[in-house]
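Just the heavy atoms: all of them, side chains too, but no hydrogens, waters or symmetry mates, feed the values below. Because the structure is a prediction, the values reported are computed rather than measured.
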Amino acid sequence: KNYQGESFLLKGPIDLAQMIGPFGINGENKGLSIETGPKANLTIVNNRNFKGESKIIDPNIKIPELSSKSGFFDDFQSMKLNCIQPG
């Protein structure tokens with residue numbers, strides 16, 4: 001939360017059916033902060049394997065605490081990161 005603690009950078013496009021990655025990264029059920037880059041379009045889904053409710057986070061967005069209070073989920077379990085191509 002609030003950009004404290006562990007962090008990792010993802011470069012897309014990438015689809016993560018589960019928020020468990022290489023080198024022991026486990027992003028499931030954690031309080032998260034998110035910052036998207038200028039060409040990033042991020043879709044988060046509340047269940048594994050892209051099942052359930054989804055929310056889109058646009059480019060250049062900073063969310064210090066991802067939660068239901070901020071209109072998202074308290075945690076999410078899958079995500080898709082796409083790169084926006086120049087028009």
NZ of Lys80 to CD1 of Ile14, rounded to nearest 0.5 Å, is 12.5 Å
Margin query: Quick one, Phe76 and Leu66 - any side-chain contact, counting heavy atoms below 4.5 Å?
Written below: yes
Is the shortest side-chain heavy-atom distance between Asn49 and Gln77 below 4.5 Å? no
Closest non-hydrogen contact found for Ala40 with Leu81 is CB-CD1, 3.8 Å
Looking only at heavy atoms, the pair that brings Asn46 and Glu53 closest together is OD1-N, 2.8 Å
Looking only at heavy atoms, the pair that brings Val45 and Phe50 closest together is CG1-C, 3.6 Å
Test side-chain contact (heavy atoms from CB on, under 4.5 Å), reference Ile57, set Asn41, Ile44, Thr43, output is Ile44
**Asked** Side-chain contact, heavy-atom cut-off 4.5 Å: Ile61 with Leu42?
**Response** no
Residues Tyr3 and Ile34: closest non-hydrogen pair is OH-O, 3.2 Å
Between Pro59 and Thr36 the two heavy atoms that sit nearest each other are C-OG1, 3.5 Å
Between Asn2 and Ser33 the two heavy atoms that sit nearest each other are N-OG, 2.9 Å
Rounding to 0.5 Å, atoms NZ (Lys11) and NZ (Lys39) come to a distance of 12.0 Å
